[in-house]
Amino acid sequence: MGVAIRVIPCLDVSHGRVVKGVNFENLKDAGDPVELASRYSQMGADEVTFLDVSASVEERGTMIDVVKKTAADVFVPLTVGGGVRSVEDVRALLEAGADKVGINTAALARPELLTEVASQFGNQVITLSVDARRAAGMPSGFEVTTHGGTRSAGVDAVEWAMRTAELGAGEILLNSMDADGTTDGFDLELIEKVRAAVAVPLIASGGAGTAQHFVEAAQAGADAVLAASVFHFGALTVREVKEALDAAGIEVRL
């Protein structure tokens with residue numbers, strides 16, 4: 001028995017509502033985060049990820065009240081990210097009911113934050129978000145972006161994934177900014193390159209449109225597959241994705 005692939009709906013939240021767009025633009029309202037998270041929990045999601053997508057851009061913290069309500073109503077692991085800048089921010093989210101905390105922009109500004117959080121709470125609470133896009137000038141062909149993909153960090157995505165795993169990240173949420181919201185499929189080259197470079201669990205994100213896309217991401221080396229639009233707007237259910245993975249011989253929790 002290997003480790004089952006996790007299927008994770010992602011709730012991108014802005015001002016208390018779930019939103020979804022293409023390449024993080026033209027955002028559409030997709031519903032109430034607490035209601036959606038509860039529904040996904042009941043539908044068999046292995047985890048739920050909650051990203052406050054406007055927190056870093058607006059330089060404020062994640063909305064603790066929404067996290068508390070979600071955690072009280074959801075009985076699968078909950079990862080929360082967006083605007084996390086300190087050990088105190090992580091502590092507040094864990095106390096509000098998060099099981100893991102997503103860190104992105106703050107780790108680029110001060111990488112030692114990952115080590116500080118890992119030493120306080122264990123590396124299993126850190127989900128390091130890497131928002132990557134293709135960039136010809138980078139050794140791997142991919143660069144890291146920040147602020148919802150609006151700014152280049154000037155850092156190679158694969159090298160950054162390796163470094164953050166060494167610093168204390170317990171898993172990496174790898175989001176293709178080129179594929180995000182397009183429903184054309186995950187960036188398999190990106191997944192394969194990061195998978196070859198790191199040993200920590202890898203969550204593939206960005207581009208899911210069909211159940212087969214999730215199978216391809218798992219075959220490329222992802223330990224978990226994450227999506228938003230296809231679940232929020234009813235194109236796919238969590239069960240349909242798990243059945244496709246199972247049919248392909250990939251272990252899942254049905």
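- Put simply, OG on Ser14 and CG on Leu51 are 12.0 Å apart, with the number rounded to the nearest 0.5 Å.
- Remark: Arg134 does not engage Glu143 in a salt bridge, criterion side-chain N to carboxylate O under 4.0 Å.
- The minimum heavy-atom distance linking Phe231 with Leu236 is given by the pair CD2-O, 3.5 Å.
- A donor-acceptor contact closer than 3.5 angstrom is absent between the side chains of Asn104 and Ser129.
- Side-chain N/O atoms of Thr145 and Asp131 include no donor and acceptor closer than 3.5 Å.
- Applying the ring pair (Phe, Tyr, Trp, His ring centres under 6.0 Å) definition to pairs two or more places apart or across chains, none involves residues 154-183.
- Met162 CE to Leu167 CG: the interatomic distance, rounded to the nearest 0.5 Å, is 12.0 Å.
- Checked by atom type and distance alone, the side chain of Glu240 pairs as donor or acceptor with a backbone atom of Thr237 at under 3.5 Å.
- Rounding to the nearest 0.5 angstrom, the gap separating the CG atom in Leu78 from the OG1 atom in Thr49 is 7.5 Å.
- Side-chain atoms of Arg195 and Asp223, non-hydrogen and from C-beta on, do get closer than 4.5 Å to each other.
- Contact between Asp46 and Pro77 at its shortest, heavy atoms only, is O-CD, 3.3 Å.
- Partners of Asp99 by side-chain hydrogen bond (donor to acceptor under 3.5 Å, both in side chains), not counting sequence neighbours: none found.
- By the criterion of side-chain heavy atoms lying less than 4.5 angstrom apart, applied directly or through intervening Ile, Leu, Val, Met, Phe, Trp or Tyr residues, Val238 is grouped together with Ile5 in one hydrophobic cluster.
- The minimum heavy-atom distance linking Ala169 with Val200 is given by the pair O-CG1, 3.7 Å.
- Listed here is the closest heavy atom pair of Ala222 and Ile191: N-CG2, 4.0 Å.
- Salt-bridge check for Glu35 with Lys69: failed, with every basic side-chain N at 4.0 Å or more from each acidic carboxylate O.
- Partners of Phe142 under the ring-ring contact (aromatic ring centres under 6.0 Å, His included) rule, at least two apart in sequence or in another chain, do not exist in this structure.
- A donor-acceptor pair under 3.5 Å links the side-chain atoms of Tyr40 to the main chain of His232, judged by distance alone.
- Listed here is the closest heavy atom pair of Ala132 and Ala157: CB-CB, 3.8 Å.
- Not a single donor-acceptor pair under 3.5 Å links the side chain of Lys100 to the backbone N or O of Gln124.
- Considering all non-hydrogen atoms of both residues, Pro201 and Gly170 come closest at CD-O, 3.3 Å.
- Dense packing is recorded around NZ of Lys193, with more than 12 heavy atoms of other residues, nucleotides or ligands lying under 6.0 Å away.
- Panel note: side chain Thr70, backbone Val66; a donor-acceptor pair is recorded below 3.5 Å.
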